Structures are given as structure tokens and as C-alpha cells.
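Read through the structure below, which is laid out as C-alpha cells, and then see the notes.
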2 protein chains.
Amino acid sequence: MRSRFMQIAGEALRERGYKLTEPRLAILDYLARHDGHPAIQEIYKGIRKKHPGIGMATVYRTLDLFTSLGLVRVLTLESSRLHYEINWPHAHHHHLICTVCGRVIEFSNCNFQQLAAEIEKAAQFTIEEHTIKAYGKCSQCDRSR
Amino acid sequence: MRSRFMQIAGEALRERGYKLTEPRLAILDYLARHDGHPAIQEIYKGIRKKHPGIGMATVYRTLDLFTSLGLVRVLTLESSRLHYEINWPHAHHHHLICTVCGRVIEFSNCNFQQLAAEIEKAAQFTIEEHTIKAYGKCSQCDRSR
DNA sequence: ATGGTAACTGATAATGATTATCATTACCTG
DNA sequence: CAGGTAATGATAATCATTATCAGTTACCAT
């Protein structure tokens, strides 16, 4: 059973002339099967269970490619390394980050669009994307709850 | 003439028992005199013009300290390194980042507060801070303008 | 003012993520 | 199924950041 994401992503690669190689398929499969926001190192460990030959450099290259194709979204959850998530075009959302345990929770309420036109006009800027990060404490870590 | 920021920051350090050392004062002075969002490397180069003895490790340590005291805010404008800006408590703002030239423009329209309570309730999360980054093209780089 | 002391610093090495290099491999098209 | 080329894996190189540690300095009590 191939996931919907695998189908769409495979299509996107083929359409633009990129080969459907083992590392690319393995990474797509990993992302499709694991919800969350993995860093490269986690993806690398994950895919090497089934594909021990895949090298770290390839994982970096592949995620750069997927990012440029809009298949994944890059998240700066930690300052020392990047995280990635599947980019579903119609699943607009942002992230809450617990400053105690590091947990990441998604939220989909977003009223930024209401402001965008105003900002664009004032700053003479064309907005194409936006990200919101909210820091605080999750229910596990906030004793006062 | 000592700037308002220098006064406030110096006070904050003294109050909490931190010494007013040459590197700390030099970095405060640099930040007060240079608007913008410098990375560590720029701050280091900047202060070494007047204070050639200050080492890179001290700049890192000092900015970590200033961040923990709320004197500066950390920005993840680039994936490879952190940037810093003075944190004026009553000058809430966020950033537009040009994907062509890298220019960073501030905007102060922010309606996130309107949403925060709703998100907190839905996600069982206590929000303490938030950041918004909008990516796109500045007027210089957007030919269609 | 001075001296003691802990906080702070500068130099350096160590770490960890990411990028560059390059010879080899494996997708795809015909 | 063979050939050309994009893609890969291994390795080294780079760059930001952190850790270490011996020497220095700001500050308080004298």
C-alpha cells in the first residue's frame, strides 16, 4: 500500500525529471510513515534500518531537493539543526514549542493572512510564506495547570 | 553620552550581580549603536575595532547571558547561524525576510494575541512568547512591482 | 586605596552539523 | 539490455558553537 504522500511526491519528482532512486523513495516512505518533525539525524537512523547503505550526505541532498520542490517544509525548532515535515499544501499550520521538554505541538488557527496585505503595503514587500512559532509550556510541564 | 539601552542594560546586569566588564560593555555599546540583526561574527568584528583583545568565546557567552536576561532577542534568520537584536519590551515586532537578497525588514502589526487564548485552550499550552517570520521579496528584488 | 576572591576572560581544542569532492553506481531512455 | 548521465556513498573540509582551563579583573570589605 503506497501512501497518498508517496504517490504525490513520486509524481512530482518524475514530472520534473528527477529519478526515483532508492534513497529518495526510502526518505519519502519514512516521512509518510512517521508523523512529526524529525531532524536529519533521525531520518538517517530511521531509513538505515531497512536501507543500511544510504549515506548521510545523500540524506542532506535529498531533503534539500524535497524542500526546493515544496514537498517538505523546513523548521527551525532548534538552533543547532534543522527539522523537516511533510508539506501538505492545504494543511496550513504552525508550531508550539515547549521550552521545558522540547515537545512540538501543531496548531492550525492562523489569522496572519488578515494582516498580510496591510504589511505588504506598508513595507513594500511581497509575502510568499510565513511561519509562526510560539514558545511556552505544554500541559505536562506546566505545574500551574 | 551613554545611550538609553546602555543605561537600562547596565542596570539590569548590576541588579542581578553580574559584573560590568569590558567585553559586556563593548557588546552593549555595539548593539546600541548598530540597528539591525547582526550575527555573532559581525558583532565580534565590530567590537574588535576598539577592543582587539576580546575573544570570540566571550562574545558567545555574553550574548547567551544577554538573552537569558531578556536584553536581546535571538533570531533564526539563517539556518547556519543565529542573529541578535536589542529586545525593547514595548517594541513588539517581527520580520520580513527577502529570499533573494536576504534583507530583513521589521513590521509591528501583529494580531497573534487575538488568537493566543484560543490556541492555548485547544492545545492545553501556556504561550509565553512568539515569533513570526514572513518570507518573500523586497521592493528592490521584486521586478513585478 | 588595597587585597582577596569568585566571577570572568582569552586561547585553544573539541564537537557537531552541514557542505564539497570525486570516483563509482544505478536509474532511465531508446 | 546497453549507454549516458544524474545520483550516490565515502571521505574530507568547513563553519558555527561549546567545553576546558589557566590566568585576569571587577568589586566588596577592610
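As the structure is a computational prediction, the values presented were derived from the model and not from experiment. Throughout, protein chains are lettered first and strands after them, A, B, ... in sequence-line order, and every chain is numbered starting at 1.
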Take atom NE2 of A:His51 and atom C1' of C:dA26, then tell me their distance rounded to the nearest Å.
15 Å

Evaluate the side-chain proximity of A:Phe66 to A:Leu13: yes if any heavy-atom separation is below 4.5 Å, no if none is.
yes

Nearest-Å distance for atom pair NE2/C1', residues A:His83 and C:dT18
14 Å

Could you tell me if the side chain of B:Leu65 sits less than 4.5 Å from the side chain of B:Tyr18, heavy atoms only?
yes

With a 4.5 Å heavy-atom cut-off, do A:Cys110 and A:Ile132 have their side chains touching?
yes

To the nearest Å, how far apart are A:Leu13 CG and C:dA26 P?
19 Å

Axis deviation across the helix from C:dA1-D:dT30 to C:dG30-D:dC1, five-pair ends, to the nearest 10°:
40°

What is the distance, to the nearest angstrom, from the CG atom on A:Leu65 to the C1' atom on C:dT19?
16 Å

Roughly, in whole Å, what's the span from CZ in B:Arg16 to C1' in C:dC8?
18 Å

Specify the separation, in whole Å, of atom CG of B:Leu63 and atom C1' of C:dT9.
15 Å

Fit a plane to each ring of A:His94 and A:His130, take the angle between them on a 0 to 90° scale, and name the class: parallel (under 30°), tilted (30 to 60°) or perpendicular (over 60°).
tilted

Is there a donor-acceptor contact under 3.5 Å linking the side chains of A:His83 and A:His95?
no

Are B:Glu42 and B:His37 linked by a side-chain donor-acceptor pair shorter than 3.5 Å?
no

Once each nucleotide of nucleotides 15-28 of chain D is scored for protein heavy atoms under 4.0 Å, what B/S/- sequence comes out, 5' to 3'?
-SBBBB-----BS-

Say whether, by atom type as modelled, one donor and one acceptor occur between the side chain of A:Thr58 and the main chain of A:Ile54 under 3.5 angstrom.
no

Starting at CZ of B:Arg24 and ending at P of C:dA7, how long is that distance when rounded to a whole Å?
11 Å

Contacts of B:His34 that satisfy side-chain contact (heavy atoms from CB on, under 4.5 Å) - sequence neighbours left out:
B:Tyr30

